[in-house]
Amino acid sequence: MTTTELSDLERHFERTIEHDLRVEPRDWVPDEYRATLIRQIAQHAHSEIIGMQPEGNWITRAPSLRRKAILLAKVQDEAGHGLYLYSAAETLGADRGELTQRLISGKQKYSSIFNYPTLTFADVGVIGWLVDGAAICNQVPLCRCSYGPYARAMIRICKEESFHQRQGYELLMTMMRGTKAQRQMVQDATDRWWWPSLMMFGPPDGDSPNTAQSMAWKVKRHTNDELRQRFVDMTVPQAEALGVTLPDADLAWNQERASYDFGEIDWSEFKQVLRGNGPCSAQRVAHRKRAHDEGAWVREAAAAHARKHREAVAVA
Ligand SMILES: [Fe+2]
Ligand SMILES: [Fe+2]
């Protein structure tokens, strides 16, 4: 490619971003844009897939048929989200098998939140309310991401996330109308999940070196701290309506900022979990690896079938 051709392509890419149009798989993109998106979409896909485990743990022990049906549907949705996202990564030239390999070898990360245990059924409700709630805050702006396949996948994913959030909140409302022990379970789960939920937005802006470039490419539309603040402001009134206390003595309405102030996040815990030292990190990855190994025969059978089909078509 000549230098003029390359600069034409670069200009076209920049114009696409500038005019808020979508970049599509056939378009030329800078190598760093491609690498950044593959990394982000893969981490997102891994999070959806690993995220099935904490709640999947409760499917067989759901307290009623209705709760089991809801939970099963939700966990299946997460599998679907993972699959859309791996497909979006493939449009950038990534290989799905390789991405899975990177996940189970610990080379690629997933959201730190899924490394915490689910101790009671109230955790299912609190995950829907807080974890899916935080995911919505993070993901709604991604529906306007500059990369078309990712943005379009996010539209459907966000619709399903909003069902996840509501089923969680409805479960908690029901438990709060129940016995004292049930109300305590909800409070205990809220205490355990609140801070890890705030960590889901990633490190503070001052400590997030890639944010500026991602914002310039319109992959990211808001900084980590902006999204975290939005989540806190949205969630405090929900906690009040529910009748639970958020475990933060510094949480207070700030009239001037028209937002809630909140306490300091324990970033050392976040870093520990990201390094793979979360309470369930080893278990989550080992479980994913086992599922992948046990599924080898399915992949082989599908590949053999596809080969036979191709040969039959070639003969005909
Ligand atoms: Fe999801
Ligand atoms: Fe979800």
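Below, all heavy atoms of this structure are taken into account, side chains as well, without hydrogens, waters or symmetry copies. Just so you know, ligand 1 is whichever comes first in the structure, and atom 1 is the first atom listed for that ligand.
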Geometric class of the Phe121/Trp58 ring pair [parallel <30°, tilted 30-60°, perpendicular >60°]: perpendicular
Heavy-atom nearest pair, Gly51 first then Pro54, reads O-CD, 3.4 Å
Around the Fe ion (ligand 1), how many protein N/O/S atoms fall inside 2.8 Å? 4
How far apart are the closest heavy atoms of Gln229 and Tyr260, and which atoms are they? NE2-O, 2.8 Å
Is there a side-chain contact between Ile113 and Trp193 (heavy atoms, below 4.5 Å)? yes
Take atom CG in Asp31; do more than 12 heavy atoms of anything else shown fall under 6.0 Å from it? no
With the side chain counted from C-beta on, respond yes when Tyr86 and Ile49 share a heavy-atom pair under 4.5 Å apart, and no when they do not. yes
